[in-house]
Amino acid sequence: MASQSTKSYAQRGEEHQHPVARKLFNIAESKRSNLVVSADIEDTESLLKCADDLGPYIAVFKTHVDIVRDFSDATIQGLKSLAKKHNFMIFEDRKLIDIGNTVQKQYHSGALRISEWADIVNLSVLGGDGIVDALTQTVTSPDFPFRGQRGFLLLAEMTSRGSLATGAYTSQCVDLARSFPESTFGFVATRALTADHSQRTSSHEDFVIFTTGINIESRGDTLGQQYQTPAEAVRRGADFIIAGRGIYASKDSVVAAKRYRDEGWDAYMERVGNVNL
Ligand code: 6AU
């Protein structure tokens, strides 16, 4: 049976073997936030305004920079400086999926230069382990300037109706992640995925679960998206909750961010047994 972690972020931040996960847990603990805002915003000015407005309340700012129509060096520099100002990490939701040789170029060069500015990127392993192997080689190479500062999440499940990322596919994502601990520290998934402690391959194993499809007001959209609330997600094993339109498209995005942050944090506190803190 899959088991969620009942350890505190502070403890996981101390013990985790991956530096990106350690930093992430430390940010979550210090800001009392397990919230990731998904900023699916199409121009640089609005994207950076969103990061500046919501920065104090989030642990991670998630981007889809391929939808930013005026993406440029100013977008990158703006994101990097706001990440420093507000102490959040940047997750580019690029869902890389191709042969190893192609994804190395998509990740490290090309128009987006993801490796330069995104602490975290997600990968789809539909094509097998070659993608993880290739990108692990990139981020562990002695020539890579951000060695130890970049981490990957595998897209192990999807929230869209009829998703094919289920069952054996999802389990194989877990097996594959176990083979690349130097680069891969968790999953995008709707729940905890790993077996209980007695079945883990290592007592140090601690995959971080990012759960998307989070919305307090709605159960889905007209295009197949399916939602759960922050509390439901954390109870099922989410370590970080990813919310997009529920926050940035609401009447007051700061009020909404605080509400999602508080609901996610309270559910985490309940899970680790500190309900009164
Ligand atoms: O809260 P929303 O529905 O406005 O936005 C959800 C965000 C979007 C999706 O591209 C992304 O989460 N997403 C992902 C991710 C993060 O990989 C996987 C998935 O299964 N479903 C999903 O919505 O930016």
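Counting convention: from 1, in listed order, for ligands and their atoms alike. Owing to the predicted nature of the structure, the values given are computational and were not obtained by experimental measurement.
- Between the side chain of Thr211 and the backbone N or O of Ile241, no donor-acceptor pair lies under 3.5 Å.
- Residue-ligand proximity, Asp40 to ligand 1, at heavy-atom distances under 4.0 Å covers atoms 8 (C), 24 (O).
- Here the protein heavy atom with the shortest distance to atom 18 (C) of ligand 1 is Thr212 CG2, 3.4 Å.
- Heavy-atom distances between Ser38 and ligand 1 reach below 4.0 Å in at least one pair.
- Side-chain contact annotation: Tyr268 with Arg235, donor-acceptor N/O pair under 3.5 Å absent.
- Sorted by first and then second residue, the side chain to side chain donor-acceptor pair (under 3.5 Å) pairs with a member in residues 159-171 read Thr159-Gln225; sequence neighbours excluded.
- Using bins of under 30°, 30° to 60° and over 60° for the plane-to-plane angle, the ring pair Phe185/His16 lands in the perpendicular bin.
- Atom NZ of Lys105 sits in a sparse spot, with 12 or fewer heavy atoms from other residues, nucleotides or ligands closer than 6.0 Å.
- For the pair Tyr227 and ligand 1, a heavy-atom separation below 4.0 Å is found.
- Residue Leu155 has at least one heavy-atom neighbour below 4.0 Å for each of these atoms of ligand 1: 17 (O), 18 (C).
- Listed by atom number, the atoms of ligand 1 under 4.0 Å from Met158 heavy atoms are 19 (C), 20 (O).
- Of all the heavy atoms of Thr159, the ones lying under 4.0 Å from any atom of ligand 1 are found in both the backbone and the side chain.
- Listed by number with element, the atoms of ligand 1 under 4.0 angstrom from any heavy atom of Arg245 are 1 (O), 2 (P), 3 (O), 4 (O).
- For ligand 1, the atoms closer than 4.0 angstrom to any heavy atom of Asn122 are 17 (O).
- Taking the ring-ring contact (aromatic ring centres under 6.0 Å, His included) definition, one finds that Tyr260 meets it with nothing, sequence neighbours left out.
- Side-chain atoms of Ser30 come within 3.5 Å of backbone atoms of Ile27 as a donor-acceptor pair (strictly under, hydrogens ignored).
- The side chain of Gln225, and not its backbone, has at least one atom closer than 4.0 Å to an atom of ligand 1 (non-hydrogen atoms only; side chain from C-beta on).
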